[in-house]
Protein chains: 2
Amino acid sequence: MRTNRDNNGPPPAEDNKQRILQAALREFTERGLDGARVERIAESAGVNKALLYYYYSSKENLFSSVIDEHFRMILPLIRKTLEDTSDPETALRQVAAVYAELSQRHPEFIRLLVRELAQPDSPMVVRAAETMKESGVPGQLRRLLSEGQAKGTIREFDLRQAAVSFITMNLGYFIMAPIVDRVLQIDDRKQFISERIQANVDLFLRGITT
Amino acid sequence: MRTNRDNNGPPPAEDNKQRILQAALREFTERGLDGARVERIAESAGVNKALLYYYYSSKENLFSSVIDEHFRMILPLIRKTLEDTSDPETALRQVAAVYAELSQRHPEFIRLLVRELAQPDSPMVVRAAETMKESGVPGQLRRLLSEGQAKGTIREFDLRQAAVSFITMNLGYFIMAPIVDRVLQIDDRKQFISERIQANVDLFLRGITT
DNA sequence: TCGGTTAAACTAAACGGTTAGTTAATAATA
DNA sequence: TATTATTAACTAACCGTTTAGTTTAACCGA
């Protein structure tokens, strides 16, 4: 077992492994796989470069671990997206809120994913697609809207397209924020984001109901 | 002066300069600045590596020229976006169509821009923001919707948010296509895109009118 | 039409800094 | 003492850039 002076702080051994992972997360997020420097990660973690190879056998493997870590961190958040929702409006609000929360609480995840989107077959992109599918968000959204159609509260519409519209209009801002913020000269981001959620739900709901 | 057998085709000298630029465009699009290899660009252009330095003094400068070339190519397309449009519906259709055309005719531009979006202060992102502003699309959109509000055809709504919603829902798919296509298992992309335009305009219009 | 001059276009090869990865030895821990 | 953690020093390959030179072709005087 591992000692630890008293019981605050993580065990010193695993500690360095974690510090490396966190440093790598920062470096890879900022510069991508190719732009990242192993030396810089080590420095930022306060350890010798060779230790990266002791814990993670290669730069690429470390990158892969960073991606794992990213998904591990966001999973709880998106898992609970549509747990017990039965009406479309609540569902839309929840989806919009969760995506906003994801983007605000895990901006590094978004940033890394955006970079990887430039390589359509990148493992992270494939995994993001799987995760989105497994999260059930697009499916559930369509199901709830479909039920609404049966009840006559939702109008006739291609629900697959509708779901894509709603998801892209919600995630879109966070991905394009560096452009949008410049065009509109956004100062108060927090305010702007809560307005965005409102606007998206409002617009979409009005657009899709009978 | 330069001879040229007769007068078809570009002068043989400038020819290689262009080939290098085109090869660089492909390489940088696929791998980004850091991932790109000067050797590979030269090979793909069928010239000696040193020739890149003869025409473009450095890798970074070549990258910058590639970005210039990108904007040069897309500018005519987005300039004509909202030339003589007076009603909101036509405007929305035009914006949706132009963004779709941009994404389909210049996928490399989108791809490179997406990668650069991971670095919020990248010159290409700054320039994209300027270009979008100068294109007048967000401004015109708001103006037309505002006129609609005066006439009573458009309901009360934060028009800045509305414009952002419409633009993000239209560009969003093209940026997230590698994910969306996987989640929905899109086979016929052309078909899907024309459906997307329809859906976006339809949804938004219904969402914003009184 | 030729031979010589010049500038631009182009290349093979090398240079040297950088960088991912290794090794061998030391320190800490159990 | 045996195992694990950590490091300083090292290496080989890579890669952007330069150098020193060759080839090509337009120009020009005779």
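Atom set for the values below is all heavy atoms of this structure, side chains included, hydrogens, waters and symmetry mates excluded. By convention in this document, chain letters (A, B, ...) are assigned in the order of the sequence lines, proteins followed by strands, and residues within each chain are numbered from 1.
Between C:dC10 and B:Asn48, no contact under 4.0 Å exists linking OP1 or OP2 to a side-chain N or O. One finds a side-chain N or O of A:Asn16 lying less than 4.0 angstrom from the OP1 or OP2 phosphate oxygen of D:dT6. Within the structure, every side-chain polar atom (N or O) of B:Arg37 is placed at least 4.0 Å from both OP1 and OP2 of D:dC14.
Atom CG of B:Asp34 and atom P of D:dC15 are 12 Å apart (whole Å). Across the protein-nucleic acid pair, B:Tyr55 atom OH and D:dG16 atom P stand 21 Å apart, rounded to whole Å. Note: OH (A:Tyr54) to C1' (D:dT7) measures 13 Å, nearest angstrom. Distance CG (B:Leu51) to C1' (C:dA8): 11 Å, rounded to an integer number of Å. In this structure, CZ of B:Arg40 is placed 15 Å from P of D:dT17, rounded to the nearest angstrom. Following rounding to the nearest Å, A:Lys49 (NZ) and D:dT11 (P) show an atom-to-atom distance of 13 Å. Summarising the geometry, the separation between OH on A:Tyr53 and P on D:dC10 is reported as 19 Å, rounded to the nearest angstrom. A:Phe28 places its CZ atom 11 Å from the C1' atom of C:dA20, with the value rounded to the nearest Å.
Between A:Phe28 and A:Phe63, the ring planes lie perpendicular to each other; the angle is over 60°, past the 30° to 60° tilted range.
When only modelled atom types and interatomic distance are considered, B:Asn61 and B:Ser58 share no side-chain donor-acceptor pair under 3.5 Å. No side-chain donor-acceptor contact under 3.5 Å links B:Arg19 and B:Gln22.
Contact check for A:Met169 versus B:Phe166: no side-chain heavy atoms found under the 4.5 Å cut-off.
Of the two residues contacting DNA chain C, namely B:Gly46 and A:Glu60, the nearest-nucleotide position lying further toward the 5' end is that of B:Gly46.
No contact: B:Ala42 has no heavy atom under 4.0 Å from any strand.
For A:Arg93 and A:Asp87, the salt-bridge test fails: no basic side-chain N is under 4.0 Å from an acidic carboxylate O.
No hydrogens or angles were tested; on distance alone, nothing pairs the side chain of B:Lys59 with the base of D:dT17 as donor and acceptor under 3.5 Å.
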